[in-house]
Number of protein chains: 2
Amino acid sequence: MNIGAASEKSGLPAKTIRYYEDIGLLTADRASNGYRDYSIADVHRMRFIQRSRRLGFSVEECRQLLSLYNDRERESADVKTLAKTKLAEIDRKLVELTELRDTLRHLVRSCQGDSRPDCPIIEGLSSSQRK
Amino acid sequence: MNIGAASEKSGLPAKTIRYYEDIGLLTADRASNGYRDYSIADVHRMRFIQRSRRLGFSVEECRQLLSLYNDRERESADVKTLAKTKLAEIDRKLVELTELRDTLRHLVRSCQGDSRPDCPIIEGLSSSQRK
DNA sequence: ATAATGCTTCCAGTCGCTGGAAGCTAAAGA
DNA sequence: TCTTTAGCTTCCAGCGACTGGAAGCATTAT
């Protein structure tokens with residue numbers, strides 16, 4: 001299967017697939033015409049990476065995850081540890097983002113949106129220094 | 001005030017302050033020794049930027065916000081529109097991140113974390129394709 | 001006097017792609 | 001069959017928003 005088909009099946013843009021090959025995250029067979037040739041297993045790996053990235057794993061973490069995925073003999077404890085660390089990180093991000101939204105929402109609510117120059121959004125951004 | 005002091009007061013790293021000057025987001029007076037010399041107003045602007053960045057505004061948006069901030073005659077409607085757009089974006093991010101967390105949490109919960117090769121995290125990452 | 005900061009500039013690198021140019025190959029239409 | 005178009009190849013450059021490091025002044029502390 002050519003890169004276009006693999007792209008469609010995996011959800012990764014062709015450019016990204018080539019990039020992942022470049023950084024050694026993926027490998028590719030070559031057809032006689034020089035085109036990359038992918039198997040179903042390759043597409044699975046791509047989807048694995050795509051999903052991991054979407055879940056917030058860095059490319060480096062994907063590399064670890066992928067080595068775990070490629071070698072099923074490895075202990076799942078490793079994977080769990082990685083996933084748990086990532087989960088805590090996401091929770092932190094979630095809290096921060098919520099705070100941020102609340103602040104911004106408050107600012108939007110208290111702004112008239114008319115032509116008066118004393119806009120509370122501007123005030124809030126320049127002075128408030130929570131935490 | 002030297003860049004170090006301004007950095008401390010604004011919360012922006014000195015490197016970042018210089019970078020912002022580079023891209024024309026900030027300006028700086030110079031002392032006779034060639035050092036940058038900042039006023040309290042400069043620090044206010046820095047804090048304004050720092051806070052805006054933390055709230056998820058891009059540098060480009062900060063530039064707009066800052067021009068609004070520097071020229072208080074401007075209509076607050078402009079600011080409100082910008083802030084509302086940003087708020088919607090943050091809400092979207094929040095939903096996505098929550099989904100992501102739930103998926104990952106589920107995977108972590110269902111993983112034994114022992115030495116067995118059939119780790120549900122790995123399974124989940126390779127096959128599930130929600131949405 | 002000397003050592004340790006702190007400041008300056010400039011250049012390079014980070015991360016994770018993404019876009020574009022130039023050129024070859026393959027599939028589809030006239 | 002010819003031609004257009006699409007898809008593939010490589011390579012190089014750039015994005016955003018910094019961050020790190022080198023080399024070299026200035027200032028402060030010991």
Side-chain angles (χ1 to χ4, degrees), chain A residues 1-39 42-43 45-66 86 89-90 93 96-97 100, chain B residues 1-39 42-43 45-66 86 89-90 93 96-97 100:
Chain A
M1 155 187 7
N2 283 350
I3 198 168
S7 164
E8 211 166 312
K9 291 200 182 195
S10 68
L12 287 175
K15 274 258 172 191
T16 304
I17 295 173
R18 290 195 200 97
Y19 168 72
Y20 285 163
E21 187 180 334
D22 231 53
I23 61 168
L25 205 56
L26 288 172
T27 53
D29 284 347
R30 295 290 176 143
S32 53
N33 58 7
Y35 285 19
R36 286 171 182 81
D37 184 28
Y38 296 105
S39 67
D42 289 324
V43 172
R45 261 183 287 274
M46 286 174 201
R47 215 149 63 193
F48 179 87
I49 295 170
Q50 195 250 0
R51 185 152 175 82
S52 303
R53 292 285 302 123
R54 282 213 330 156
L55 281 171
F57 292 93
S58 75
V59 165
E60 243 3 85
E61 287 165 333
C62 284
R63 205 188 293 277
Q64 294 168 50
L65 243 17
L66 200 60
K86 212 63 209 167
E89 244 169 70
I90 290 171
K93 251 193 203 167
E96 234 181 88
L97 203 56
L100 199 152
Chain B
M1 154 186 9
N2 284 349
I3 199 169
S7 164
E8 212 166 313
K9 290 199 183 197
S10 69
L12 288 175
K15 273 259 172 190
T16 304
I17 295 173
R18 290 194 201 99
Y19 168 72
Y20 284 163
E21 187 180 335
D22 230 55
I23 62 169
L25 205 55
L26 289 173
T27 54
D29 284 346
R30 294 293 175 141
S32 53
N33 58 8
Y35 285 18
R36 286 171 180 83
D37 184 26
Y38 297 105
S39 67
D42 288 325
V43 172
R45 262 182 286 273
M46 285 173 200
R47 215 149 63 192
F48 178 88
I49 296 169
Q50 195 251 0
R51 187 153 173 81
S52 303
R53 291 283 302 120
R54 282 212 330 155
L55 280 169
F57 293 94
S58 75
V59 165
E60 245 1 85
E61 285 163 334
C62 285
R63 206 188 293 277
Q64 295 169 50
L65 244 16
L66 200 60
K86 213 63 211 170
E89 241 169 71
I90 289 170
K93 252 191 204 169
E96 231 180 90
L97 203 56
L100 198 152

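These values consider heavy atoms only, across backbone and side chains, with no hydrogens, waters or symmetry-generated copies. Protein chains get the first letters and strands the later ones, always in sequence-line order, with residue 1 at the start of each.
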**Item:** Which residues share a side chain to side chain donor-acceptor pair (under 3.5 Å) with B:Thr27, sequence neighbours left out
**Value:** none
**Prompt:** At what distance, to the nearest 0.5 angstrom, does CD1 of A:Ile3 lie from CZ of A:Arg18?
**Reply:** 4.0 Å
**Message:** Students should find this one: the first and last nucleotides of DNA chain D, 5' to 3', lying under 4.0 Å from a heavy atom of chain B. What are they?
**Reply:** D:dA17 to D:dT27
**Prompt:** Quick one: salt bridge (Lys or Arg N to Asp or Glu O under 4.0 Å) partners of B:Arg63, sequence neighbours excluded?
**Reply:** B:Glu60
**Prompt:** What pairs with A:Asn33 under side-chain contact (heavy atoms from CB on, under 4.5 Å), at least two apart in sequence or on another chain?
**Reply:** A:Ala31, A:Tyr35
**Request:** Without swapping roles, check the side chain of A:Ser52 against the backbone of A:Phe48 for a donor-acceptor pair under 3.5 Å.
**Result:** yes
**Request:** Please list, chain by chain and in numerical order, all residues satisfying side chain to side chain donor-acceptor pair (under 3.5 Å) with A:Arg53, sequence neighbours excluded.
**Result:** none
**Asked** Closer to the 5' end of DNA chain D via nearest nucleotide, is it B:Pro13 or A:Asn2?
**Response** A:Asn2
**Asked** Given atom CG of B:Asp22 and atom C1' of C:dT8, what is their separation to the nearest angstrom?
**Response** 13 Å
**Complete:** So, with a heavy-atom separation below 4.0 Å from DNA chain C, the residues of residues 23-39 of chain B are B:Arg30, B:Gly34, B:Tyr35, B:Arg36
**Check: B:Ser39 main-chain N/O paired with B:Asp42 side-chain donor or acceptor under 3.5 Å** = yes
**Message:** Nearest 0.5 Å, please: how far is CD1 in B:Ile49 from CG in B:Leu12?
**Reply:** 7.0 Å
**Complete:** Applying side chain to side chain donor-acceptor pair (under 3.5 Å) to B:Glu8 and not counting sequence neighbours gives none
Mind listing the N/O atom pairs, protein and nucleotides 14-17 of chain C, below 3.5 Å?
unit_1	atom_1	unit_2	atom_2	d
C:dC17	OP2	A:Tyr20	OH	2.5
C:dC17	OP2	A:Arg53	NE	2.7
C:dC17	OP2	A:Arg53	NH2	3.4

**Message:** For A:Glu21, give me all partners under side-chain contact (heavy atoms from CB on, under 4.5 Å), at least two apart in sequence or on another chain.
**Reply:** A:Ala28, A:Arg30, A:Arg36, A:Tyr38
